[in-house]
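Some notes on the structure that comes next.
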Amino acid sequence: RNTNTISKVVKECLYWFGLGLDEKYPSARLLNFVTILESTLKQKNELTELKKAVSERGAILLYNKFEERKEAAKQLKEIYDTRSKVVHTGVLIDDKDLASLAGGYARAVLIKLIKMSKEFDGNFDEFITYLDDMKLKGAPQNA
């Protein structure tokens with residue numbers, strides 16, 4: 001039987017999650033967990049504005065209330081900014097709390113994706129489209 005696209009994403013993310021849990025250095029933990037966020041919240045061909053896509057989709061996926069979404073998007077952007085700093089400058093971070101926060105978000109997003117898989121018949125592109133449609137539903141309507 002063919003593996004559906006969401007199953008493939010989940011399988012890869014479980015690998016990264018295990019690495020993140022086993023890693024003792026906060027920088028490396030953060031990178032593993034952000035890899036999960038990217039894998040679950042962006043399409044493979046998306047290469048620009050990743051911080052915006054990951055933070056907005058993550059907030060929409062995990063929360064219903066505006067204030068909760070706003071706070072989650074802020075935290076996800078901070079996580080992503082720190083990830084970029086580590087990747088692009090080689091600077092190591094000592095912030096275990098931020099790495100743990102990234103792990104918490106990675107875990108929550110992964111669980112939500114697994115639970116919603118059946119709704120999209122395992123189609124990952126439809127899952128991403130759903131998140132983007134949710135974002136547009138919150139936009140003001142012109143009369």
Under a 4.5 Å side-chain heavy-atom rule over Ile, Leu, Val, Met, Phe, Trp and Tyr, are [X] and [Y] clustered together?
{"X": "L113", "Y": "L37", "value": "yes"}
{"X": "V54", "Y": "I36", "value": "no"}
{"X": "L76", "Y": "M134", "value": "yes"}
{"X": "L92", "Y": "V34", "value": "no"}

>> Please determine whether side-chain contact (heavy atoms from CB on, under 4.5 Å) holds for the pair M116 and Y130, giving the CA-CA distance in whole Å, both sets of side-chain angles, and the decisive distance to 0.1 Å.
In response: CA-CA 11 Å; M116 295 177 76; Y130 163 81; 3.4 Å; yes
Quick one, [X] and [Y] - any side-chain contact, counting heavy atoms below 4.5 Å?
{"X": "K74", "Y": "R69", "result": "no"}
{"X": "P26", "Y": "L98", "result": "no"}
{"X": "F127", "Y": "L61", "result": "yes"}
{"X": "L131", "Y": "K135", "result": "no"}
{"X": "T5", "Y": "D125", "result": "no"}

> Is it true that atom NZ of K42 has more than 12 heavy atoms of other residues, nucleotides or ligands lying nearer than 6.0 Å?
Replying inline: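 Result for NZ/K42: enclosed.
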> Within the side chain of Q43, is there an N or O that forms a donor-acceptor pair under 3.5 Å with the backbone of N45?
Replying inline: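 Not at all, since once roles are kept as given, no pair shorter than 3.5 Å links the two residues.
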> If only atom types and distance count, is the side chain of S117 paired as donor or acceptor with the main-chain N or O of I114 below 3.5 Å?
Replying inline: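 Not at all, since once roles are kept as given, no pair shorter than 3.5 Å links the two residues.
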> Run the side-chain contact (heavy atoms from CB on, under 4.5 Å) check on I6 and N123 step by step: do they pass?
Replying inline: CA-CA 6 Å; I6 288 178; N123 187 312; 5.9 Å; no
> Does the side-chain contact (heavy atoms from CB on, under 4.5 Å) test come out yes or no for L19 and T35, once each step is laid out?
Replying inline: CA-CA 11 Å; L19 288 178; T35 299; over 6 Å; no
>> Nearest 0.5 angstrom please: L110 CG to W16 CH2, how far?
In response: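 One finds 14.0 Å between CG of L110 and CH2 of W16.
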At their closest point, which heavy atom of [X] faces which heavy atom of [Y], and how far apart are they?
{"X": "S55", "Y": "A73", "value": "CB-O, 3.6 Å"}
{"X": "R57", "Y": "L41", "value": "NH1-O, 2.8 Å"}
{"X": "N64", "Y": "E68", "value": "N-OE1, 4.1 Å"}

>> Would you say the ring centers of F33 and Y105 fall short of 6.0 Å from each other?
In response: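 Centroid separation for F33 and Y105: 6.0 Å or greater.
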>> Name the residue from V87, L31, I93 that meets the side chain to side chain contact (heavy atoms under 4.5 Å, CB included) definition with T82.
In response: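 Among V87, L31, I93, the one that satisfies the side chain to side chain contact (heavy atoms under 4.5 Å, CB included) with T82 is I93.
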> Can you check salt bridge (charged side-chain N to carboxylate O under 4.0 Å, His left out) on K52 and E56, steps first, answer last?
Replying inline: CA-CA 6 Å; K52 184 176 192 291; E56 287 179 354; 3.2 Å; yes
>> Within the 3.5 Å criterion, strictly below it, is a donor on E38 or Y80 matched to an acceptor on the partner's side chain?
In response: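 Side-chain D/A pair, E38 to Y80: present.
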